[in-house]
2 protein chains.
Amino acid sequence: MVAGPLPVPSGPGKDRLRLWIRLLRASRTIEAELRERLKKEFDTTLPRFDVMAALYRAPEGMLMSDLSRFLLVSNGNVTGIVDRLVSEGLVARARRNGDRRTSMVRLTEEGTKSFATIAAAHEGWIGELLGKVSEEDARRLTGMLTSFRSNWEGRE
Amino acid sequence: MVAGPLPVPSGPGKDRLRLWIRLLRASRTIEAELRERLKKEFDTTLPRFDVMAALYRAPEGMLMSDLSRFLLVSNGNVTGIVDRLVSEGLVARARRNGDRRTSMVRLTEEGTKSFATIAAAHEGWIGELLGKVSEEDARRLTGMLTSFRSNWEGRE
DNA sequence: ACATAAAACTTTAAGCTTGAAATATCTGAC
DNA sequence: GTCAGATATTTCAAGCTTAAAGTTTTATGT
């Protein structure tokens, strides 16, 4: 999947394959760098950061299934990550009266403060890691990826 | 990390952050789809596919450390995946006379045939999943990502 | 009301992933 | 030759990830 230096043979459809390979390598490269920095600087992980980022945008809280859908990961996965965040005091689960199957998950005060700090650093890192991409290219690329996303969601 | 529907606030540097988020969501979406199809259609996994793809391009074999570097994953990780592929008869390790620390890893005949089949399907999937991206956009996007990569490798 | 289905979540087993420590081998300085 | 350091790989512990199976609660049809 993460094919590299050697070129993909040319032919019909190869352009898209090449695009996918580059896309994957770019995101893995950046992801690896972020993972390392999160670990070194804040002793945390990317999945934890992802969950906290989602919750930060939803002060009223989120259901587990919302988190799962939003983060594009399985529901069982979210359970584990949230468990750990709860045990660290960064996240809280609140049982709901309306539906006792569900629980609202939200950042604690400590979690909110912690995330704000990390997010500021994170944004700086992205600026640095993507520094060579011009603002204009960034916007154009974003536009293409956005249209990919809309097409994707409308598929089937 | 995988922020979604809600827009990233505007401001300096936010364009790159937005780009990163879109990039990550696009690759995770495609990855999830490929993972599912590899499982359903060929009872295999993405990491196995990655390793086999790398070895397919190197008929003479690769060192473990080459695989690790090439796939952008840790060396310990590669050990486990190759172990499993070996136990399935798809990959073979060959001790080298010159340096007994290393071993050349290569696809077996069965592994080669198996990969060829899967790779053909894989290419078709990518063509389908990225079908809405025009060939021209695909080339332009690839170009931008390639220049990101060169910049990255030249950093530090 | 009751059975049945659907929904939300957790648990489980297997595999992936990392960073760090351990092992084995090789290279170079002396 | 030998010993220190470098190199290649494996092992290990902890955590992430998925798909599938299980649990509890809610909704629905009759």
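Within every chain, numbering begins at 1; the chains are lettered A, B, ... in the order of the sequence lines, protein sequences first and strands thereafter.
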- Check whether any side-chain nitrogen or oxygen of B:R95 sits under 4.0 Å from OP1 or OP2 of D:dT9, and answer yes or no. no
- Output the distance between atom CG (A:L72) and atom CZ (B:R25), rounded to the nearest 0.5 Å. 4.5 Å
- Interatomic distance where CG belongs to A:L67 and C1' belongs to C:dT10 [whole Å]: 15 Å
- Item | Whole angstrom value for the distance that separates C1' of C:dC26 from CG of B:L63 | 14 Å
- Protein-nucleotide distance (A:D83, atom CG; C:dT10, atom P), rounded to Å: 7 Å
- Message: Are B:D50 and B:T45 packed together at the side-chain level, in the sense that at least one heavy-atom pair is separated by less than 4.5 angstrom?
- Response: no
Pick out the pairs of N or O atoms, protein on one side and nucleotides 25-28 of chain D on the other, that lie under 3.5 Å.
| unit_1 | atom_1 | unit_2 | atom_2 | d |
| --- | --- | --- | --- | --- |
| D:dT26 | OP1 | A:R100 | N | 2.9 |
| D:dT26 | OP2 | A:R100 | NH2 | 3.4 |

- Message: Any side-chain N or O of B:T102 below 4.0 angstrom from OP1/OP2 of D:dA8?
- Response: no
Every protein N/O within reach of nucleotides 17-19 of chain C N/O, cut-off under 3.5 Å:
| unit_1 | atom_1 | unit_2 | atom_2 | d |
| --- | --- | --- | --- | --- |
| C:dT17 | OP2 | B:N77 | ND2 | 3.4 |
| C:dT17 | O5' | B:N77 | ND2 | 3.1 |
| C:dT18 | OP2 | B:S74 | N | 2.7 |
| C:dT18 | OP2 | B:S74 | OG | 3.2 |
| C:dT18 | OP2 | B:N77 | ND2 | 3.1 |

- For B:L34 and D:dT18, what is the distance between atoms CG and C1' respectively, to the nearest whole Å? 15 Å
- Task: Have a look at A:R69 and say if it touches a base, only the backbone sugar-phosphate, or nothing, with a 4.0 Å heavy-atom cut-off.
- Result: nothing
- Message: So, taking the atom named CG in A:L34 and the one named CH2 in A:W125, what distance separates them when rounded to the nearest 0.5 Å?
- Response: 7.0 Å
- Query: Any chance the side chains of A:R95 and A:S103 put a donor and an acceptor closer than 3.5 Å?
  - Reply: no
- Query: Within 45 degrees of the axis of the six-membered ring of B:F115 and under 6.0 Å from its centre: does B:R57 put its NZ or CZ there?
  - Reply: no
- Query: Rounded to whole angstroms, how far apart are CZ on B:R93 and C1' on D:dT10?
  - Reply: 9 Å
- Minimum-distance pair of heavy atoms, taken over all atoms of B:P47 and B:I81: CB-CD1, 3.6 Å
- Query: Taking the side chain of A:S65 as its heavy atoms from C-beta onward, which of D:dT10, C:dT10, C:dA8 lies nearest to it?
  - Reply: C:dA8
- Message: Taking the six-membered ring of A:F70 as reference, does the cationic atom of B:R28 (NZ for Lys, CZ for Arg) lie under 6.0 Å from its centre and within 45° of its axis?
- Response: no
Can you list, pair by pair, the side-chain donor-acceptor contacts under 3.5 Å of residues 136-143 of chain A, counting residues two or more places apart and other chains?
| unit_1 | atom_1 | unit_2 | atom_2 | d |
| --- | --- | --- | --- | --- |
| A:E136 | OE2 | A:R140 | NH2 | 2.7 |
| A:R139 | NH1 | B:D15 | OD2 | 2.5 |
| A:T142 | OG1 | A:A138 | O | 2.6 |

- Message: In whole Å, I'd like the distance from the CE atom of A:M62 to the C1' atom of C:dA8.
- Response: 14 Å
- Query: Rounded to the nearest Å, what distance is computed from the CG atom of residue A:D50 to the C1' atom of nucleotide D:dG15?
  - Reply: 14 Å
- Task: Measure from the side-chain N and O atoms of B:S27 to the backbone N and O of A:L23, and report whether any donor-acceptor pair falls under 3.5 Å.
- Result: no
